[in-house]
Student: 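First the structure, which I've put down as structure tokens, then a few questions once you've had a look.
Residue numbers begin at 1 in each chain, while the letters A, B, ... track the order of the sequences. Nothing here was measured: the structure is a model prediction, and the numbers come from that model.
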Amino acid sequence: MADIAGAIQHGHGGHAADGHGHGGHGSGNPYQKFYFKNMLQQFEASKLGMWLFLATEILLFGGLFAGFGIMQGRHYEAFKNAHHHLDWKLGAINTIALLVSSYTMVMAVYYSSKGEKKKTVQSLWVTFALGAVFMFIKLVFEYPAKMHHGLMLGKFFAPAADIAALPSEFMFFSFYFMMTGLHGFHVVIGMLLIAWLAIRAQRGEFGKGYYTPVDLIGLYWHLVDLIWIYLFPLMYLVS
Amino acid sequence: MASHALHAKHTHDDAHDHEHEHGGPKLYFLILATLLFLTVVTVAVSRINFGSVMIATIIALTIATVKASLVGLYFMHLKYDQPVNGVILVVSVTLVSLLIAFSVMDLENRDVVMPGSYKAPQGIITPEFAKEKRATEEQHGAGGAADHKDH
């Protein structure tokens, strides 16, 4: 925000040009839409829109969390027993991967706002790689292990003979697969967006005056991290 | 309003002043270290038996909320941002909390409802739970064993 404010100040020669901004030298940022007064207003409007989208994301996951809470209260023994089938170590590794990726993402936002192209691109690819680590652990180690033992969602729940399982555990695994699945889907979308950002950053499209996409996708990525911060203890740890 | 203040402040900007306002790499790294530490704390605390799942859940949720606040305030820049963005976050989280709180409060007053087409998974009871299963079957009959298992 302040970076853009600074850029506007420089671009317009130190006066806040509301009415006649495009006439003078500097003639505004090429990314500026005509219906915004200046880049700062455009940036703040974009961010407000992103936050509204994030609110809908919170409500989307909130419904699942509410269902999880209700069913845990109802089928307490089953949930307690079922969560022992999850590997908390893998969950912890994934938590660390996401937290570090949030850090590299915020660094990407920082570097892009400073116009440091190389470091922005590097940070973005590291973030992408950490997202990939997360998905790799989920799809290669976690999900197949559950499926192998028949610990599936809903009517597909058919535990192997050597698994100590209560019938109502299907409920836990329904929530497990729906919540981590929806979350994993968000991680994949985030990875694609971050790859797109990295390519754009490589082309030198972001700088002091304009880094809105990096900032907004950063917000999205942090929200995905936030949801995992709640998912991890509730699913893997509490009993 | 807040943005105008920042605006004015940053017209005679110098890098240091700016760093101070927006955090920067050092602060971000400190936040990351705190988040990782709190993750260790969450795992460690979950090993302790508090005797009540409610207490364990509340402790886990408290730590998670501290972590979430750090992410929100610093990584998502809410601390330095227009207040309206934070308001959107707080309102949506509050609404979700209301949904969960009232649903959980209501749990005791409702019967277990299963879809009519529901068929209990068959043949998955291990010896450990056979005793409980028998007890349940005596109460509800063989057909409804599954859904009333941990009632």
Student: Tell me, side chain or backbone of A:Leu226 under 4.5 Å from chain B's heavy atoms, or both, or neither?
Tutor: side chain
Student: Are the aromatic rings of A:Phe43 and A:Phe36 close, with centres under 6.0 Å apart?
Tutor: no
Student: With only heavy atoms counted, which part of A:Leu223 is less than 4.5 Å from chain B, the side chain, the backbone, both or neither?
Tutor: both
Student: Centroid separation under 6.0 Å, is that true for the rings of B:Tyr28 and B:Tyr74?
Tutor: no
Student: As an exercise: rank B:Val43, B:Thr57, B:Val104, B:Thr39 by heavy-atom pairs under 4.5 Å with chain A and give me the winner.
Tutor: B:Val43
Student: With a 4.5 angstrom heavy-atom cut-off, is it the side chain or the backbone of A:Thr95 that approaches chain B, or both, or neither?
Tutor: side chain
Student: Mind checking whether A:Phe172 and A:His84 have ring centres under 6.0 Å apart?
Tutor: no
Student: With side chains defined as the heavy atoms from C-beta onward, is the minimum distance between A:Leu99 and A:Tyr103 less than 4.5 Å?
Tutor: no
Student: Within this structure, what is the OG1-CG distance for the pair B:Thr65 and B:Leu38, rounded to the nearest 0.5 Å?
Tutor: 11.5 Å
Student: For B:Leu32, which atoms come within 4.5 Å of any heavy atom of chain A: side chain, backbone, both, or neither?
Tutor: side chain
Student: Heavy-atom distance under 4.5 Å to chain A: side chain of B:Thr42, backbone, both or neither?
Tutor: both
Student: Who wins among B:Val71, B:Ile31, B:Asn85 for the most heavy-atom pairs under 4.5 Å with chain A?
Tutor: B:Asn85
Student: Would you mind telling me which of B:Val84, B:Leu78, B:Leu95 has the largest number of heavy-atom pairs within less than 4.5 Å of chain A?
Tutor: B:Leu78
Student: Could you look at A:Phe61 and say if it's the side chain, the backbone, both or neither that has a heavy atom under 4.5 Å from chain B?
Tutor: neither
Student: Could you verify whether a donor N or O on one side chain and an acceptor N or O on the other, from A:Tyr176 and A:Glu169, lie under 3.5 Å apart?
Tutor: no
Student: Heavy-atom pairs under 4.5 Å with chain A are the metric here; pick the option from B:Val40, B:Ile88, B:Ile59, B:Leu35 that has the most.
Tutor: B:Ile88
Student: Are the side chains of A:His85 and A:His149 in touch, meaning some heavy atoms are under 4.5 Å apart?
Tutor: no
Student: Would you say the side-chain atoms of A:Thr120 pair up with the backbone N or O of A:Ser112, donor to acceptor, closer than 3.5 Å?
Tutor: yes
Student: Is A:Ile229 in contact with chain B via its backbone, its side chain, both, or neither, using a 4.5 Å heavy-atom distance?
Tutor: both
Student: Let me know if A:Val109 has heavy atoms under 4.5 Å from chain B in its side chain, its backbone, both or neither.
Tutor: side chain
Student: Can you tell me which portion of B:Leu61 sits under 4.5 Å from chain A's heavy atoms? Options are side chain, backbone, both or neither.
Tutor: both
Student: Please state whether the side chain, the backbone, both or neither of B:Phe29 comes within less than 4.5 Å of a heavy atom of chain A.
Tutor: both
Student: Picking from A:Trp228, A:Trp221, A:Phe128, what satisfies ring pair (Phe, Tyr, Trp, His ring centres under 6.0 Å) with A:Phe134?
Tutor: A:Trp228
Student: Measuring heavy-atom distances to chain A, does B:Ile58 have an atom under 4.5 Å in its side chain, in its backbone, in both, or in neither?
Tutor: neither
Student: State whether the side chain of A:His83 and the backbone N or O of A:Lys80 hold a donor-acceptor pair below 3.5 Å, judged by distance alone.
Tutor: yes
